[in-house]
Amino acid sequence: MSDHDHADLLRRLHALERDRGFGVRGQGSEAWALVRAATAAGCEVLRARATLVQADVLQATGRTGEALDLVTAAEETARRHDDAELRARVHFLKFTLHVVAGNLTEAWRHGLLSVETLPDAAPGWLRAEHLLALTVVLDDVEHSRSEVFAELTRLARAESDRRWELFTLNNRAWWALQDGDLAAALTLVAQLRSLSERHGIALRHADLDTIACVELADGRPADALRTVRAALARGDGNTSQADHVVLVQLTLCAVLRALGRPAEAEEELARARDLATDRDLPGMLADVEAFQARLFADRGQWEDAYRARLRHDEARQALHAVQESTKVLLAQAEYDARSARRDRDHYKLLAHTDALTGLPNRRAAQDHVEGLLGGAASGDVCLFLLDVDHFKHVNDTFSHEVGDAVLVGFADVLRRHVSDRPGSFAARLGGEEFVVVLVGAAPEADRVAESLRVAVADRDWSGLCPGAPVTVSIGTAAVREGHATFSALLSAADRRLYVAKRAGRNRVATGTAGVPTGS
């Protein structure tokens with residue numbers, strides 16, 4: 001894929017993510033088109049980001065299980081590609097899912113991770129979205145929410161992003177109203193209206209609902225009525241959540257009640273009930289029935305008020321059932337992800353472990369040495385190639401079972417001998433061949449190799465193969481990091497090992513000459 005094509009896909013993706021607050025429910029077709037385009041281009045990370053937009057749409061329309069499947073797949077892609085921005089988006093989607101489940105502790109954790117995981121190079125508006133979501137679960141202890149709002153305002157202004165300024169003002173006004181600070185709420189909604197008018201940006205249902213609630217709290221129900229009527233006149237094409245229009249409808253009922261127009265409030269409440277029922281929103285339906293009970297109580301219809309409260313309780317129970325179902329789905333997804341990670345780690349360990357001795361195998365040794373040669377080492381990279389002397393004689397004389405026991409014992413000697421040396425590594429290449437890798441000065445490594453030879457010779461092997469001493473021949477090679485390959489270093493050590501065997505075995509042949517460099 002060309003840089004131009006990648007940039008175009010990224011632009012389309014950012015446009016979707018950036019417009020989330022203005023209509024996530026209408027983003028499904030473009031998200032699907034972007035998934036197809038990213039798949040065709042072979043761009044897995046962008047494809048996963050686009051599927052997260054699809055998951056957002058599914059979650060907003062109540063299809064939580066399907067959303068979770070996409071989030072889990074995207075999380076695996078983030079792990080495989082080690083992509084921090086994608087990982088942050090996964091945490092953001094998990095945050096929204098836990099909010100729906102009413103699990104605010106987990107929502108807080110994922111919301112915080114969605115902010116902390118974002119790399120410094122991430123767009124400011126993306127960080128702003130994650131911060132704004134976090135305010136849902138923050139309290140104002142030690143001004144934590146206030147500090148987040150201040151950072152949101154700074155980010156929005158730094159990018160001249162007026163929409164994010166509007167988002168921030170709306171949320172600040174709402175929380176000020178909830179905290180009982182009407183003066184601050186009034187100032188903020190005035191700024192909200194002014195910013196919208198100056199830059200020609202239409203206010204969302206959520207913005208207008210906040211303004212109407214503030215106006216109502218300020219004793220201006222007539223102004224609040226004009227505000228909610230303006231919101232409802234737009235339909236619900238630009239709302240990002242299924243319950244926003246129902247929320248505005250309920251605010252209208254409260255305004256009409258405050259104006260002393262209960263009959264109209266009843267009519268609007270019936271519309272709100274129909275919307276909440278059609279859209280399967282038990283939480284909003286519970287709010288509808290609670291308001292209905294108040295209207296009946298206003299007229300002294302106590303029995304009807306009681307029945308409305310019973311319907312309210314039923315709706316709350318239905319909401320609780322939805323939340324519990326979502327919690328179960330989330331818990332299962334987390335369990336499945338942990339199990340997959342454990343299985344992946346287990347099979348990776350098996351693939352890099354010698355079954356007989358429990359030491360790392362040839363593949364693990366190669367990966368380790370190539371990592372050192374690639375720049376992870378600070379000093380000489382020293383490799384010992386060790387071969388158990390006359391091992392065929394042990395097998396032929398005492399049995400293969402005894403031979404296996406000797407190899408296990410030999411591995412134990414290696415493990416014990418190098419375990420207290422930082423950066424040391426021992427592995428079985430196969431048969432009776434083993435390697436030890438050290439990082440440091442070559443002369444010190446030569447002394448370690450000799451002490452290893454002595455440790456093998458001094459071990460009591462008589463319980464396994466009486467009368468047949470077990471010794472080892474060792475060939476060593478050492479290079480500065482970055483100047484050889486694993487195979488070149490191993491070949492050099494193998495040549496030294498041949499020298500040690502030709503000289504009579506049970507000895508060490510050392511030196512750095514003969515290791516090809518620059519390969």
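Excluded from the calculations below are hydrogen atoms, water molecules and symmetry mates; all remaining heavy atoms, backbone and side chain alike, are included. In what follows, residues are counted from 1 in the order of the sequence shown.
Judged by distance alone, with hydrogens and angles left aside, the side-chain atoms of S114 form a donor-acceptor pair with the main-chain N or O of G111 at under 3.5 Å. Judged by distance alone, the side chain of D218 and the main-chain N or O of V214 form no donor-acceptor pair under 3.5 Å. No donor-acceptor pair under 3.5 Å is formed between the side chain of S196 and the backbone N or O of L192. A donor-acceptor pair is defined here as one N or O able to donate and one able to accept, closer than 3.5 Å; such a pair exists between the side chain of N361 and the backbone of R363.
The side chain to side chain donor-acceptor pair (under 3.5 Å) test applied to R47 returns T39, not counting sequence neighbours. By the side chain to side chain donor-acceptor pair (under 3.5 Å) test, R362 pairs with no residue at all, sequence neighbours left out. Evaluation of the ring pair (Phe, Tyr, Trp, His ring centres under 6.0 Å) rule for H312 yields no partner, not counting sequence neighbours. Every residue two or more places apart in sequence or in another chain that forms a ring pair (Phe, Tyr, Trp, His ring centres under 6.0 Å) with W125 is listed here: H14. The side chain to side chain donor-acceptor pair (under 3.5 Å) test applied to E314 returns no partner, not counting sequence neighbours. Taking the salt bridge (Lys or Arg N to Asp or Glu O under 4.0 Å) definition, one finds that E215 meets it with R193, sequence neighbours left out. Contacts of R271 classified as side chain to side chain donor-acceptor pair (under 3.5 Å), with partners at least two apart in sequence or in another chain: E268. With sequence neighbours excluded, no residue satisfies salt bridge (Lys or Arg N to Asp or Glu O under 4.0 Å) with D278. Under the salt bridge (Lys or Arg N to Asp or Glu O under 4.0 Å) criterion, R127 pairs with no residue, sequence neighbours left out. Residues satisfying the salt bridge (Lys or Arg N to Asp or Glu O under 4.0 Å) criterion with R273, sequence neighbours excluded, are E289. Residues passing the side chain to side chain contact (heavy atoms under 4.5 Å, CB included) test with L112, sequence neighbours excluded: W108, E116, L134.
Side-chain atoms of V288 and Q249, non-hydrogen and from C-beta on, never get closer than 4.5 Å to each other. Put simply, the side chain of H6 reaches to within 4.5 Å of the side chain of L46, judged on heavy atoms. Residues K94 and E75 are in side-chain contact: their nearest non-hydrogen atoms beyond the backbone lie under 4.5 Å apart.
Nearest heavy-atom pair, L86 versus A74, reported as atom, atom and distance to 0.1 Å: CD2-O, 3.7 Å. Pairing each heavy atom of A55 with each of L70, the nearest pair is N-CD1, 3.8 Å. The two residues D207 and L166 have their closest heavy-atom pair at OD1-O, 4.4 Å. The two atoms that bring L132 and W164 nearest to each other are CD2-CZ3, 3.3 Å, heavy atoms only. What you find for L9 and A41 is that their closest heavy atoms are CD1-CB, 4.0 Å. Looking at every heavy atom in both residues, Q54 comes nearest to A31 through CG-CB, 3.7 Å.
With values rounded to the nearest 0.5 angstrom, F291 atom CZ is found 9.5 Å from T251 atom OG1. Once rounded to the nearest 0.5 Å, the distance linking CG of D179 with CH2 of W174 reads 11.0 Å. For the atom pair R162 CZ and L169 CG, the distance stands at 11.0 Å (nearest 0.5 Å). For the atom pair OG1 of T227 and CG of L252, the computed distance is 11.0 Å after rounding to the nearest 0.5 Å.
Of the N and O atoms on the side chains of H130 and R89, at least one donor lies less than 3.5 Å from an acceptor on the other residue. Looking only at atom types and distance, the side chain of T168 has no donor-acceptor partner in the side chain of R172 under 3.5 Å away.
Heavy atoms of other residues, nucleotides or ligands lying less than 6.0 angstrom from CZ of R36 number more than 12.
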Would you mind writing out the side-chain donor-acceptor pairs for residues 253-264 within the sub-3.5 Å range, not counting sequence neighbours?
| unit_1 | atom_1 | unit_2 | atom_2 | d |
| --- | --- | --- | --- | --- |
| R257 | NE | D298 | OD2 | 2.7 |
| R257 | NH2 | D298 | OD1 | 3.1 |
| R257 | NH2 | D298 | OD2 | 3.3 |
| R261 | NE | E264 | OE2 | 2.8 |
| R261 | NH2 | E264 | OE1 | 2.9 |
| R261 | NH2 | E264 | OE2 | 3.4 |

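With respect to R87 and D82, a salt bridge is recorded, a charged nitrogen being found less than 4.0 Å from a carboxylate O.
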